[in-house]
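Comments concern the structure below.
Numbers restart at 1 for each chain; the letters A, B, ... are given by sequence-line order, proteins then strands. Computed from a predicted model, the values in this text were never measured in an experiment.
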Amino acid sequence: MKIATWNVNSVNARLPLLLEWFHAVQPDVCGLQEIKCIDEKFPVEAFESLGYNCAVHGQKSYNGVAILSKYPISDVRKGLDDEEDDHARYIEAVIEAPKPVRFGCLYLPNGNPIATDKYAYKLRWLERLRARAEYLLTLEEMTILAGDFNIIPTKDDLWKEAPWLNDALYQPAVRHAYQGLKNLGYTDAFEAQLNVSGTPEGNRYTFWDYQAGAWPKNEGIRIDHHLLSPQAADRLFDLVIHKDARGMTHDEAKPSDHVPVVVELTTKS
DNA sequence: ATGTCGCCATATTGGCGA
């Protein structure tokens, strides 16, 4: 069972590329972030024609998340909790596969610049995510929290440390909060797979900025993650970062600045 | 830090967010 996450930077601007990729890769489930549209403008029919069910939590212009699934989707939840939050950044649902998976798709706040309320919002959002993550573990289900975390977990997850020392993606408090999620009992799928089989072609980045020639210079960072509950981690079989998607074009469509990351779980009993 | 994107208002460009 293939479970993907992809920050697409506008689902409608990216649609031809997305359809090509979904047709080729055939993930069973995919979380999308930064769809940048309201629910009514999400291209449901295009994805349905490829065999996907859609659950959408959209917003005008910014943010917005969605879950696509070849299996039926149930128990859809939009938003982390009851706290007031005018950003659409979290959607969760149960994927009704033979072995059901609870899937949380998240777009964590960027938080820059760090001396502002944007950074405080990121830290608060991390506290709220931790509370939800902690609750989900009590269910003792196969659970995956995946998305654009806007967190660079370690020094190995960037090409050079200096430019990031004052960036919200690499602050000690933010990295500590990510470690805290792992301390609860979640496994970072990339780290776990790295321990088993190394990094294919040496790449571990999931994002390359549009600016300053970051992509041709391979100045990337790893910020798109899958966190697996113990029940899901026990079934981790593979993880593939689709680096080639960063160079994809399709007619007039340009690539996202993020690439898809696909986790494969075994379905044997 | 910035060589770029995408969205939107009320446009034919500029502000915003990333």
Side-chain angles (χ1 to χ4, degrees), chain A residues 5-21 31-43 46 56-66 85-91 105-126 129 146-153 155 157-171 174-175 178 205-225 242-261:
Chain A
T5 181
W6 197 356
N7 178 323
V8 294
N9 184 24
S10 171
V11 69
N12 285 307
R14 219 63 60 207
L15 191 58
L17 275 170
L18 296 182
L19 297 179
E20 182 181 327
W21 186 84
L32 302 178
Q33 301 90 37
E34 278 204 271
I35 62 172
K36 291 188 169 178
C37 66
I38 57 174
D39 293 8
E40 292 73 18
K41 296 202 173 165
F42 189 88
V56 181
H57 183 30
Q59 176 186 335
K60 192 174 180 179
S61 305
Y62 303 118
N63 311 311
V65 285
D85 188 343
D86 54 6
H87 294 190
R89 295 182 175 275
Y90 186 80
I91 185 169
C105 168
L106 63 106
Y107 175 45
L108 219 132
N110 175 295
N112 279 304
I114 55 176
T116 66
D117 56 359
K118 292 185 177 183
Y119 184 64
Y121 173 62
K122 180 176 197 166
L123 293 179
R124 177 63 196 145
W125 212 92
L126 274 163
L129 176 61
D148 176 0
F149 281 70
N150 270 315
I151 297 172
I152 302 166
K155 196 173 179 176
D157 297 313
L158 38 68
W159 83 97
K160 186 166 49 169
E161 198 173 33
W164 295 97
L165 290 174
N166 290 311
D167 195 286
L169 278 62
Y170 196 58
Q171 291 309 293
V174 166
R175 295 164 59 199
Y178 188 71
Y205 302 147
T206 66
F207 168 93
W208 293 261
D209 202 305
Y210 287 123
Q211 300 184 71
W215 167 243
K217 291 191 284 190
N218 194 32
E219 294 182 346
I221 53 177
R222 185 172 76 93
I223 55 176
D224 299 274
H225 312 304
H242 286 244
K243 184 181 181 182
D244 55 345
R246 187 61 180 80
M248 275 179 90
T249 56
H250 191 292
D251 300 329
E252 299 298 303
K254 297 170 178 172
S256 172
D257 41 5
H258 296 250
V259 298
V261 183

- prompt: What is the distance from CG of Asn110(A) to P of dC16(B), rounded to the nearest Å?
  reply: 16 Å
field: C1' gap between dA18(B) and dT12(B), integer Å
entry: 24 Å
Whole-Å distance separating the CG atom of Asn63(A) from the P atom of dC16(B): 17 Å
field: Integer-rounded Å distance: dC7(B) C1' and Lys36(A) NZ
entry: 7 Å
Identify the pairs formed between an N or O of the protein and an N or O of nucleotides 1-4 of chain B at a distance under 3.5 Å, and give each distance.
from	atom 1	to	atom 2	distance (Å)
dG3(B)	O6	Lys217(A)	NZ	3.3
dT4(B)	O4'	Tyr210(A)	O	3.1

DNA chain B: 5'-proximal contact among Val11(A) and Tyr62(A) (nearest heavy atom): Val11(A)
- prompt: For atom C1', what is the distance between dC7(B) and dA11(B), given to the nearest Å?
  reply: 13 Å
- request: Can you tell me, in whole Å, how much space there is between the P of dG3(B) and that of dC8(B)?
  value: 26 Å
Heavy-atom pair with the smallest gap, counting every atom of Ala168(A) and Asn112(A): N-OD1, 2.9 Å
message: Just to be sure I understand the rule, does Phe207(A) reach a base, reach only the sugar-phosphate, or reach nothing, if contact means heavy atoms closer than 4.0 Å?
response: nothing
- prompt: Separation of Tyr107(A) atom OH from dG17(B) atom P, in whole Å?
  reply: 12 Å
query: In whole Å, what is the span from the CD1 atom of Ile223(A) to the C1' atom of dA18(B)?
result: 10 Å
- line: Shortest non-hydrogen pair, His225(A) vs Ile151(A), comes out as NE2-O, 3.0 Å
message: Restricting to non-hydrogen atoms, name the atom on Gly220(A) and the atom on Trp159(A) that form the minimum distance, rounded to 0.1 Å.
response: O-CE3, 3.4 Å
statement: Taken to the nearest whole Å, CG/Asn12(A) to P/dC7(B) is 7 Å
query: Nearest heavy-atom pair of Leu32(A) and Val8(A): which atoms, and what distance?
result: CD2-CG1, 3.8 Å
message: Rounded to the nearest 0.5 Å, what separates atom OH in Tyr119(A) from atom CG in Asp167(A)?
response: 10.0 Å
- request: Please test Glu20(A) against Met248(A) for side-chain contact (heavy atoms from CB on, under 4.5 Å), starting from the C-alpha separation and ending with a verdict.
  value: CA-CA 10 Å; Glu20(A) 182 181 327; Met248(A) 275 179 90; 3.8 Å; yes
- request: Check Arg246(A) against Pro255(A) and note the closest heavy-atom contact, atom names and distance.
  value: O-CG, 3.1 Å
field: 5' precedence on DNA chain B between Glu34(A) and Asn9(A) (nearest-nucleotide basis)
entry: Asn9(A)
message: Which nucleotide wins on minimum distance to the side chain of Ser61(A), given the candidates dC8(B), dC5(B), dC16(B)?
response: dC8(B)
query: For atom P, what is the distance between dT10(B) and dG6(B), given to the nearest Å?
result: 23 Å
query: To the side chain of Lys60(A), which of dC7(B), dA18(B), dC8(B) is closest?
result: dC8(B)
task: Please determine which of Asn150(A), Asn110(A), Asn7(A) meets the side chain to side chain contact (heavy atoms under 4.5 Å, CB included) test together with Ile223(A).
output: Asn150(A)
- request: Grab the NZ-P distance between Lys122(A) and dG17(B) for me, whole Å please.
  value: 16 Å
query: Given dC7(B), dG17(B), dC5(B), which nucleotide is nearest the side-chain atoms of Arg14(A)?
result: dC5(B)
Length of the CD1-P vector between Ile35(A) and dC7(B), whole Å: 12 Å
- request: Quote, to the nearest angstrom, the C1' distance that separates dT13(B) from dA1(B).
  value: 25 Å
